[in-house]
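Here's the structure, in structure tokens; my notes come after.
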Amino acid sequence: MLELYLSKPGDLELREVQSTPSLKDDEVKVKLIYGGICGSDIGVYKGKINHASYPIRPGHELLGTIIETGKDATYEVGKRIVVQPNSFCGECDLCVKGKTNICRHKQSLGINTNGGFSEEFTISSKYVLPIPDEMSDERAVLIEPFAVIVHAFKKINITKDTSVAIIGCGTEGMLAVALATYLGARVTAIDISQTKLDKASSFGVTRTAHPQDIKDETFDVVIEAAGVKQSVEQAIQIASPGGSVVLVGLAPEANFPVAQVVRKELNIHGTIIYNFPSDFLQTLEYLMQDNFNVEPIISEIIHFTDYQRAYEAAISGQYGKIILNFKEEHSQ
């Protein structure tokens, strides 16, 4: 079978390997359908994630079909599933508190343990979620990245006419735009890229703006999804008194105006990935709604054998989500 293999930063290749070995009792073997290229995949490719391991097979946004099961796995062969790619022990103090997303022993597919950009892979059935037959592959592959936003939104209260600023219109920012708009908020999408702002407009947002266009306005909720110093600092600046800032992006550092945070009595929330299966199930509910618009999220679906072009597109930052297609070429 074929898999993508990253021997070291910048050295990505497609190689032939033996089929996956015999399954453990609780495992399932999955034939991959689609794999989304995420910002963390790009970070691993560039060597910018400190806890990444090499060599490694990348990929964690995974949609596939079960083709074999271990004796203790309860899922049927032929069922489509998505993968929760971050392990949790279930026993540490944080897991016991229900915070499995920050398990002290967490490992992440494609970062510090082999991912799923392969024609076939195996995984514990503990980390898979069945997908309804009526859901399209194109919506299903968005479940994992969208669950990040669903988890983040649980930290705040967004209702009709809540004013929401979303800084950064990459995939996660665009998913935040989609959800906030669906919930009836008055959404302002902010980005330095006019191309991304034009795409945000297709969700029916109240307004799009470049960062410098936001002067004296403030917002009930600010979602920071760009992951850069300037965006974090602007998020604090434009939050209304008593408002909330949710930090989704992974900016290495920023300068916090502490007196301003105190005087405005801001609520600042850090948020990372999701809890499984609860956040995945909530995500599934949203995506099952016909009037929940995620069509603009995916920019292109590229066959995995053309992985170099796919990675170049994802790295460029000029597109939305890039999906690798692991279906047979003749079925495209």
Side-chain angles (χ1 to χ4, degrees), residues 30 34-41 43-44 49 51 59-64 80-113 115-116 123-132 135 139-158 166 168 170-180 182-183 221 223-225 227 244-250 268-289 292 294 297 321 323:
V30 177
Y34 282 155
I37 300 178
C38 172
S40 61
D41 293 314
V44 174
I49 295 182
H51 59 282
H60 67 272
E61 295 180 4
L62 307 170
L63 167 71
R80 283 186 311 154
I81 56 91
V82 289
V83 169
Q84 198 287 79
N86 301 282
S87 68
F88 53 90
C89 70
E91 298 176 354
C92 72
D93 58 324
L94 294 169
C95 282
V96 169
K97 293 175 184 175
K99 298 181 182 295
T100 55
N101 60 318
I102 48 176
C103 170
R104 296 189 186 279
H105 307 292
K106 177 177 72 176
Q107 287 192 306
S108 299
L109 297 185
I111 296 178
N112 47 26
T113 188
I123 190 168
S124 168
S125 59
K126 171 184 177 180
Y127 298 116
V128 304
L129 182 74
I131 300 305
M135 177 173 281
R139 288 175 89 86
V141 75
L142 295 175
I143 289 174
E144 192 275 343
F146 186 26
V148 172
I149 295 302
V150 170
H151 179 77
F153 272 47
K154 288 183 176 181
K155 298 178 180 297
I156 49 179
N157 183 33
I158 293 179
I166 297 167
T171 296
E172 294 298 349
M174 207 71 78
L175 288 166
V177 166
L179 182 53
Y182 179 79
L183 295 173
V221 173
I223 310 291
E224 196 290 313
S244 296
V245 175
V246 184
L247 302 177
V248 177
L250 290 168
I268 300 177
H269 303 276
T271 181
I272 191 72
I273 58 170
Y274 29 66
N275 288 318
F276 183 81
S278 58
D279 291 328
F280 272 53
L281 291 170
Q282 178 66 68
T283 300
L284 198 59
E285 287 184 27
Y286 285 127
L287 290 172
M288 287 297 291
Q289 304 303 312
F292 188 83
V294 290
I297 300 294
K321 176 63 66 180
I323 302 293

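Note that the structure is predicted; figures quoted are calculated from it, not measured.
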ask   = Can you list the residues that meet the side chain to side chain donor-acceptor pair (under 3.5 Å) rule with Ser124, with sequence neighbours excluded?
value = Asp26
message = Can you list everything that forms a side chain to side chain contact (heavy atoms under 4.5 Å, CB included) with His269? Sequence neighbours excluded, please.
response = Lys155, Ile156, Ser244, Val246, Asn267
inquiry  = Can you see whether Tyr34 engages Glu61 through a side-chain donor-acceptor pair at a distance of less than 3.5 angstrom?
reply    = no
key: Counterpart residues, side chain to side chain contact (heavy atoms under 4.5 Å, CB included), relative to Thr283 (two or more places apart)   = Ile143, Phe146, Ala147, Val150, Leu287
key: Asn275 versus Asp279, closest heavy-atom pair with distance   = N-OD2, 2.6 Å
task = Answer yes or no: is there a side-chain heavy-atom contact under 4.5 Å between Leu284 and Met135?
result = yes
Flag side-chain contact, heavy atom, 4.5 Å: Val83 against His60 = no
ask   = Side chains of Asn112 and His51: donor-acceptor distance under 3.5 Å anywhere?
value = no
task = Scan residues 83-94 for pairs that pass salt bridge (Lys or Arg N to Asp or Glu O under 4.0 Å), counting only residues two or more places apart or in two chains.
result = Asp93-Arg104
note = Paired with Leu175, the side-chain contact (heavy atoms from CB on, under 4.5 Å) test is passed by just one of Ile166, Val248, Val148, Ile149, namely Ile149
request  = Could you tell me the separation between the CZ atom of Phe88 and the CD1 atom of Ile102, rounded to the nearest 0.5 Å?
outcome  = 13.5 Å
message = Phe276: which residues meet the ring-ring contact (aromatic ring centres under 6.0 Å, His included) condition with it, sequence neighbours left out?
response = Phe280
task = Would you indicate whether the side-chain heavy atoms of Leu62 and Pro85 approach each other to under 4.5 Å?
result = no
Ser108: partners by side chain to side chain donor-acceptor pair (under 3.5 Å), with sequence neighbours left out = Asn86
